[in-house]
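Report on the following structure.
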Amino acid sequence: MMKKDAKIYVAGHRGMVGSAIVRELNRQGYHNIVTRAHKELDLTRQNAVEAFFAEEKPEYVFLAAAKVGGIAANESALADFMYDNMMLEMNVVHAAWRNGCKKLEFLGSSCIYPRMAPQPMPESCLLTGELEKTNEAYALSKISGLKYCEFLNRQYGTDYISVMPTNLYGPNDNYHPTHSHVLPALIRRFHEAKVEGKASVTCWGDGSPLREFLYVDDLADLCVFLMNNYSGNETVNAGTGKELSIRELTELVAGIIGYEGEIRWDPSKPNGTPRKLLNVSKASALGWTYRTELADGIRLAYEDFLHNPMRAER
């Protein structure tokens, strides 16, 4: 168990996941949280990361920093996604080990699992099949990060764990028109269509892929829970165990925002992985379950979008 005054470093504290972890740590009474903005510490620079860890000596690390984006962003910057994520992961994990970090938690993504994995996807299906091509670079970097944590545990006896979240959404999300994930992209698209009075909105693909969504504050709750209650080489899936089609999601978002126009589909655009549902029995057996239902979470996310003055630039 982490003591309330333990020095805790949250990497990526300005992102959606990192900021949620900071909120949860504060809520639970942890008060010695260390953060650095990108302009203060570029995690892809090994010397800078090593100097930071040598000076601060954090006891616990939540590695939530990452270069992220949706299908369009991943397909257009394959090399960037792989390089940036590989570099920052290896630098942080290695420096944590070199400086005696008691425990580190690595945040991955459910895209690490094979494109045609058994559904719902158990943690054991990792590396048993081909990855989805549209996010292969990102997935490979995340697999490398979690495997490096596992190998440090096996070789040096560290206590480094990995968490694999499903699709996330919530406060501080990225609403960029081309670089965001599906749910925040839909929120922005339908909000702007409503404001501009557009008669129709066109969405990518045919709406058939099935997806699972987890509210980011629920993930943060699990992250702190696991840091205090779990050790092991195998990753832990983070999700709700529930899924819906992209078409159903689109209609749900449009309804919550109040857009009443026509929804069209462009099948020339990629669908991505056909189905992506996590098996969350491991987290459930440890004593954790999600709290926020999807419709409630979308309403909270939309409220955040409306009060985020930088939404148009992100």
Side-chain angles (χ1 to χ4, degrees), residues 1-38 40-44 46 48-66 85 87-109 142 144-165 168 172 216-238 282-283 286-288:
M1 296 287 289
M2 297 184 293
K3 295 181 180 179
K4 298 301 182 183
D5 62 349
K7 181 176 280 192
I8 303 170
Y9 171 46
V10 180
H13 76 287
R14 288 189 170 178
M16 179 174 61
V17 174
S19 61
I21 291 173
V22 171
R23 285 197 300 274
E24 183 63 24
L25 288 169
N26 286 327
R27 189 187 71 81
Q28 294 192 27
Y30 295 97
H31 53 82
N32 191 8
I33 302 171
V34 179
T35 60
R36 291 290 188 278
H38 177 74
E40 299 172 297
L41 176 62
D42 183 347
L43 296 179
T44 66
Q46 184 177 14
V49 175
E50 290 180 348
F52 164 77
F53 272 87
E55 178 182 355
E56 292 291 346
K57 300 284 187 182
E59 299 172 75
Y60 299 91
V61 173
F62 290 87
L63 180 43
N85 284 299
M87 292 301 294
L88 73 87
E89 292 164 5
M90 293 299 165
N91 288 341
V92 171
V93 177
H94 185 72
W97 166 66
R98 295 250 335 234
N99 287 276
C101 175
K102 290 181 180 179
K103 193 165 187 174
L104 178 144
E105 186 173 287
F106 175 78
L107 274 293
S109 167
K142 286 297 182 181
S144 297
L146 73 89
K147 280 296 182 181
Y148 186 47
C149 289
E150 175 190 338
F151 296 153
L152 285 171
N153 290 346
R154 290 167 56 183
Q155 185 173 349
Y156 294 106
T158 53
D159 188 8
Y160 293 176
I161 62 175
S162 299
V163 185
M164 292 302 118
L168 300 170
N172 206 26
V216 72
D217 284 43
D218 288 355
L219 171 66
D221 175 62
L222 174 61
C223 287
V224 178
F225 174 83
L226 292 175
M227 189 68 98
N228 285 322
N229 294 282
Y230 176 72
S231 294
N233 289 331
E234 189 176 66
T235 188
V236 178
N237 286 339
K282 187 173 183 177
L286 290 169
W288 182 87

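- In plain terms, the two heavy atoms of Cys149 and Phe106 that are nearest each other are SG-CB, 3.9 Å.
- Atom CG of Asp217 sits about 10.0 Å away from atom CE of Met16, to the nearest 0.5 Å.
- Although no hydrogens or angles enter the test, the distance criterion places a donor-acceptor pair under 3.5 Å between the side chain of Lys282 and the main chain of Thr235.
- In this structure, Asp159 contributes its side chain and Lys103 its backbone to no donor-acceptor pair below 3.5 Å.
- The CZ atom of Arg36 sits 7.5 Å away from atom CG of Leu41, with the distance rounded to the nearest 0.5 Å.
- Ala54 approaches Asn99 most closely through the heavy-atom pair CA-OD1, 3.3 Å.
- Note that CG of Asn85 and OG1 of Thr44 are 10.5 Å apart. Values are rounded to the nearest 0.5 Å.
- If you take CH2 on Trp97 and OG1 on Thr158, they are separated by 9.0 Å, rounding to the nearest 0.5 Å.
- Using a 4.5 Å heavy-atom cutoff, the side chains of Leu286 and Leu226 are in contact.
- Counting heavy atoms of neighbouring residues, nucleotides and ligands inside a 6.0 Å radius, atom NZ of Lys7 exceeds 12 of them.
- Ala96 approaches Leu104 most closely through the heavy-atom pair CB-CD1, 3.8 Å.
- Remark: Arg98 pairs with no residue by the salt bridge (charged side-chain N to carboxylate O under 4.0 Å, His left out) rule, at least two apart or across chains.
- Looking only at distances, no side-chain donor or acceptor of Lys4 sits under 3.5 Å from a matching main-chain atom of Asn32.
- Looking only at side-chain heavy atoms (C-beta outward), Asn91 and Leu43 stay at 4.5 Å or farther from each other.
- At least one side-chain heavy atom of Ser144 sits less than 4.5 Å from a side-chain heavy atom of Met90.
- You'll find the side chain of Val22 reaches within 4.5 Å of the side chain of Asn26, heavy atoms only.
- Asn153 places a side-chain N or O within 3.5 Å of a backbone atom of Tyr160 that can act as its donor or acceptor partner.
- Closest non-hydrogen pair, Val10 versus Gly18, comes out as CG1-O, 3.7 Å.
- Residues Pro58 and Val34 form no side-chain contact, since every pair of their non-hydrogen atoms from C-beta on lies 4.5 Å or further apart.
- Interatomic distance, CD of Glu150 versus CD1 of Ile161, reported as 13.5 Å (0.5 Å rounding).
- Using the six-membered ring where Trp is involved, Tyr9 and Phe53 have ring planes that are perpendicular, over 60° apart on the 30 and 60° scheme.
- With sequence neighbours left out, the salt bridge (charged side-chain N to carboxylate O under 4.0 Å, His left out) criterion links Asp221 to no other residue.
- Using a 4.5 Å heavy-atom cutoff, the side chains of Glu105 and Cys223 are in contact.
- Interatomic distance, Lys102 NZ to Met227 CE, rounded to the nearest 0.5 Å: 12.0 Å.
- By the 4.5 Å heavy-atom criterion applied to side chains, Glu89 and Tyr148 are not counted as neighbours.
- Residue Lys3 qualifies as open at atom NZ: its count of foreign heavy atoms under 6.0 Å is 12 or below.
- Each of Leu146, Leu63, Leu219 was compared with Leu107 under the side-chain contact (heavy atoms from CB on, under 4.5 Å) criterion, and only Leu219 meets it.
- With Asn228 contributing its side chain and Met2 its backbone, the two residues share a donor-acceptor pair below 3.5 Å.
- The side-chain heavy atoms of Phe62 and Leu25, taken from C-beta on, include a pair separated by under 4.5 Å.
- The two residues Asn172 and Ser19 come nearest to each other via the heavy atoms ND2-OG, 3.3 Å.
- Shortest non-hydrogen contact noted between Ala64 and Val17 is CB-CG1, 3.9 Å.
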